[in-house]
Amino acid sequence: MRVGLYPGSFDPITKGHIDIIQRSLGMVDKLIIAIGISATKTPVFTFEQRQAMLEAEIGPLAKAKGVQIQVISFKDLLVNVAAETGANLIIRGLRNASDYEYEAQMSAMNRSMSSDIETVFLQASPEVGFVSSTLVRQIMAMGGDVSAFVPQSVLKQIK
Ligand code: ADP
């Protein structure tokens, strides 16, 4: 069974994340979306809100493709999360060279800690490759319109 693990902050989930999830559904039998929670950082959206938004957006897509889906929280080392959940593939999105620099280093370190986990990179789709949760949060904080960048469930939550 191919089990994918897609980790991130998803604060909030964007159309860029949805694109990566949609494309990765074709590569796995089960997809675990792992929301990183940190004791020191206060997110804009709670874990429960992020979980509900992800499930609302991804549930129907996954069902249509016959892929099992699970949305969990984590604060542990990612390789430990992979071992605990039985994931054999980490999925990450690449938007630009700075994503690459960071991701290449992280995947190499993860592989040296756990040789049986492979990281798969999906190149961001051009239509959403510029979208980032950080910028969405900044626009939201200044009262701007983020409807081009986030899915319906997030817009509802913002309202
Ligand atoms: P982090 O907080 O770990 O940077 P994010 O929650 O922003 O993570 O994103 C999780 C993953 O999704 C990362 O691999 C990131 O590169 C990818 N990602 C984020 N936004 C996009 C986008 N617009 N297109 C493609 N991949 C993206």
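Every number for a ligand or one of its atoms is a count from 1 in the order of the listing.
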Does the side chain of Ser132 pick up a donor-acceptor pair with the side chain of Arg95 at under 3.5 Å?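 Short answer, no.
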Could you verify whether a donor N or O on one side chain and an acceptor N or O on the other, from Asp145 and Ser147, lie under 3.5 Å apart?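 There is such a pair (donor and acceptor under 3.5 Å, judged by atom type) between the side chains of Asp145 and Ser147.
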List, by chain and then residue number, the residues other than Met113 in its hydrophobic cluster (Ile/Leu/Val/Met/Phe/Trp/Tyr, side-chain heavy atoms under 4.5 Å); write none if there are no others. Met1, Val3, Leu5, Ile32, Ile72, Phe74, Leu77, Leu78, Val79, Val81, Ile90, Ile117
I want to check something: taking the side chain as every heavy atom from C-beta on, are Phe130 and Phe149 in contact at a cut-off of under 4.5 Å? yes
Run the salt-bridge test on Lys15 and Asp19 with the 4.0 Å N-O cut-off and return the result as yes or no. no
Given side chain to side chain contact (heavy atoms under 4.5 Å, CB included), test Glu57 with His17 step by step and report yes or no. CA-CA 11 Å; Glu57 293 299 327; His17 297 133; over 6 Å; no
For a quick check: using heavy atoms under 4.0 Å, what are the residues in contact with ligand 1, sorted by chain and number?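 Correct list: Tyr6, Pro7, Gly8, Ser9, Phe10, Gly16, His17, Ile20, Arg92, Gly93, Arg95, Asp99, Glu103, Ala124, Val128, Val131.
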